[in-house]
Each structure stands twice: as structure tokens, then as C-alpha cells.
Amino acid sequence: MNKKNHRHLKPPQIPLQRLSFPYNLFSDQLKRAASDLKQIIVSETWGNTGKHLNDYTLYIGALDITMMVFKAYKVTHNKKNLDLFKDILKACDSASFGFSCIPVTFICGQVGVSALDVIVAKQSKNGHLFNRYLTRFKKIKLPKNLPNELFFGRAGYLWACLFIKKNLDENIISSTHMRKIKDEIIKAGRNMSTSECPLMFEWYGKRYWGGAHGFAWIMNVLMDMELTEDESKDVFGSDEFLKASIDVGEVVWKRGLLKKVGIYHGISGNAYIFL
């Protein structure tokens, strides 16, 4: 099998009758399939490690499993999922301390663990723990030389703030604080702007367009923030960006879908484009 065939799958041919399934029936099928897959993943990861973690992060560690179980709880309201969520998060919490240099971001740092700690304490209606974890989150200090990208920069920290706000539907993270971070990102982007792009960013001297260290996910985070009229023009632009998004989706569909299953290197990332 050549490299191209190994990495890509042809777009599936979906029979028309599948598209006409009643929504509830199709939704139930997806939920059952997702629940079965969740059980397999938990068994192969959390179950097989003896509940000892080598990596706690969302990127390649146990916090990713925690997020999956949290999503399962939100969909099913099954207390077993909540209890499992607490157990894995507790292990992530313990594993995340003791490092001399920890990124202040949701994906690669202890910030992600702290954000989920705040949420689980609220879900459990434990006021003491909620205040403790929220205070710890608010004490996080951002270095002055912080980059702007997702994995290690301001966008990654701001995403954690937005995650708490979205899931608790409360203004417990200061809007003034979040605006300050947003303003710093936009200021940095304007300083590197070009005639074609009103905002631009670099990571170690290079300009990246993708999600991991680049432009795409910084924009994704900024679009969840309240923006001024001038900022909105820089972030959203005109209909040109909508057309470009549609064109990108067409390219992904025509060239084929990735074979792996992850969001960064697999078909899950393909699916995110079409959403």
C-alpha cells in the first residue's frame, strides 16, 4: 500500500435511505455507538494503567479521557460517568503538580486540570471545593513573554477561561481579565499584520496556519469572545472568509479523509471542518 492510500480514505458513499432516518432513531444509534466506544477507550487506557498516569495532559494524556467521560455524563446524566470523571480527574490533579515548568494552557498544562476541577466541584455541589479550585485557577499568572498560540500561549489559557464560562454559564471568571488577554492577542496579531491579513502570528519565528501552533485556532478562540467593531472586522472579515471555509471543506472531501481516529491526525479532525 503506497503512502497516499495509507493516509487517506475515499469519501463514503452514503445510501439516500440513511439520510432519511428519523432524527431520534439516528441519534440513539450514535449515542449507543459512542457509549460502547467510550467503554473500550476507558478500559484500554485508564483500566490497563492500574490508574497510574504517565501523562496528565489533554494533548496526549489522561485528561483527554476525562473530557470524554465528562461529555458522556452531560449527555447521559449517568452518575457512574460522573464518578469515573472524578476518579480520573483526581489522578490528573495529583500528577500535574511537581513540575518545574508547566504551560499555562488548557491542552498542555495544569490549567486544563484546574478548569475541570472547578466544573466537577460545581456539578457535585461542593461549595468548599468549588471555592478552593476557583481560587487556585484565578491565582495562575501568565508570563510576560507568553506566545499567542493554543498549546503554550495566551489562546490556550483563554480557551480554559471560556470553557469554564460555557459549562457553568456564570460570570465567575472576570470579563475584564478575559478582555485583557484578548486585547493582548489582537495587539500582537496587528503588529504582524500584512496587506492580505489584518492579524498574523508567529511561533518560533515561523507563521503557522493550522490549529496546533497557528492562526486557525487563535481565531477560533477569539470568535468566542466579545469583540469591538474594529476587532470584529479583523477577526471575521467579510464574506471572503466564509467562501474560503467552504472551499477548504470541498478540498478535504475531494482529496479523501484521514484513516486515523484522532482530532489532530485523524478523521475526527476532518469531521470538525464540516461542523
Side-chain angles (χ1 to χ4, degrees), residues 34-35 37-76 78 80-124 126 129-130 132-140 142 149-168 172-173 211-213 217 220-221 224 260-266 268-269 272:
S35 179
L37 183 58
K38 182 213 71 175
Q39 289 300 117
I40 293 172
I41 293 172
V42 169
S43 176
E44 292 294 322
T45 54
W46 178 244
N48 284 348
T49 62
K51 302 182 180 180
H52 296 292
L53 306 183
N54 294 321
D55 192 302
Y56 68 87
T57 66
L58 181 68
Y59 181 37
I60 56 173
L63 196 63
D64 197 12
I65 310 302
T66 313
M67 285 281 288
M68 177 189 65
V69 177
F70 175 62
K71 181 65 175 179
Y73 168 70
K74 290 185 67 177
V75 172
T76 65
N78 187 324
K80 290 183 178 180
N81 284 326
L82 180 60
D83 291 340
L84 179 60
F85 170 53
K86 291 179 182 178
D87 288 344
I88 305 177
L89 183 59
K90 183 177 180 180
C92 291
D93 204 5
S94 298
S96 67
F97 287 95
F99 292 88
S100 58
C101 182
I102 302 176
V104 288
T105 64
F106 191 69
I107 290 181
C108 293
Q110 204 274 333
V111 171
V113 180
S114 291
L116 281 168
D117 277 336
V118 171
I119 291 168
V120 73
K122 188 71 172 181
Q123 296 280 356
S124 303
N126 189 322
L129 276 182
F130 174 74
R132 173 185 166 191
Y133 290 140
L134 183 59
T135 299
R136 187 175 73 181
F137 185 90
K138 290 181 175 181
K139 284 183 178 179
I140 295 169
L142 304 187
E149 53 87 66
L150 182 70
F151 278 19
F152 303 101
R154 294 185 182 93
Y157 172 78
L158 192 55
W159 195 24
C161 297
L162 288 165
F163 182 80
I164 293 175
K165 183 176 180 180
K166 178 181 178 181
N167 282 279
L168 297 185
I172 61 172
I173 304 297
H213 302 296
W217 210 280
N220 193 28
V221 172
D224 279 335
K260 295 181 180 179
V261 296
I263 192 168
Y264 294 106
H265 304 291
S268 299
Y272 204 90

Side-chain contact, heavy-atom cut-off 4.5 Å: Ile173 with Phe137? yes
Is the closest side-chain heavy-atom distance between Leu63 and Tyr56 below 4.5 Å? no
Centroid separation under 6.0 Å, is that true for the rings of Phe85 and Tyr73? no
With the side chain counted from C-beta on, respond yes when Phe70 and Asn167 share a heavy-atom pair under 4.5 Å apart, and no when they do not. yes
Is the shortest heavy-atom distance from the side chain of Val118 to the side chain of Ile172 under 4.5 Å? yes
Heavy-atom distance under 4.5 Å between the side chains of Cys108 and Phe152, does that happen here? yes
Over 12 foreign heavy atoms within 6.0 Å of NZ, Lys74: yes
Do Phe151 and His213 have side-chain heavy atoms sitting under 4.5 Å apart? yes
To the closest 0.5 Å, what do you measure between CD1 (Ile41) and CG (Asp64)? 8.5 Å
Partner of Asp117 by side-chain hydrogen bond (donor to acceptor under 3.5 Å, both in side chains), out of Arg136, Lys122, Lys86: Arg136
Return yes if a side-chain donor-acceptor contact under 3.5 Å exists between Ser43 and Gln39, otherwise no. no
Residue pair Leu168 / Phe130, side-chain heavy-atom distance below 4.5 Å: yes
Which label fits Phe106 and Phe163: parallel for a plane angle under 30°, tilted from 30 to 60°, or perpendicular past 60°? tilted
From CA spacing to verdict: side-chain contact (heavy atoms from CB on, under 4.5 Å), Val42, Met68: CA-CA 9 Å; Val42 169; Met68 177 189 65; 3.8 Å; yes
Shortest non-hydrogen contact from Val120 to Leu89? CG1-CD2, 3.6 Å
Checking side-chain contact (heavy atoms from CB on, under 4.5 Å) against Ile107, which of Thr57, Ile60, Leu150 comes through? Leu150
Under the criterion side-chain contact (heavy atoms from CB on, under 4.5 Å), I'd like the reasoning laid out for Asp93 against Leu116: C-alpha separation, chi angles, the key distance, then a yes or no. CA-CA 10 Å; Asp93 204 5; Leu116 281 168; over 6 Å; no
Quick check: do Leu53 and Cys92 have side-chain heavy atoms less than 4.5 Å from each other? yes
Rounded to the nearest 0.5 Å, the CG atom of Leu134 sits from the CD1 atom of Ile164 at a distance of 7.0 Å
Any donor and acceptor pair, going by atom type alone, linking the side chain of Thr76 with main-chain N or O of Asn78 inside 3.5 Å? yes
Say whether Asn81 and Lys38, considering side chains only, have a donor N or O and an acceptor N or O under 3.5 Å apart. yes
Could you go through Ile140 and Tyr157, starting from their C-alpha distance and side-chain angles, then the distance that decides it, and tell me whether this counts as side-chain contact (heavy atoms from CB on, under 4.5 Å)? CA-CA 10 Å; Ile140 295 169; Tyr157 172 78; 4.1 Å; yes
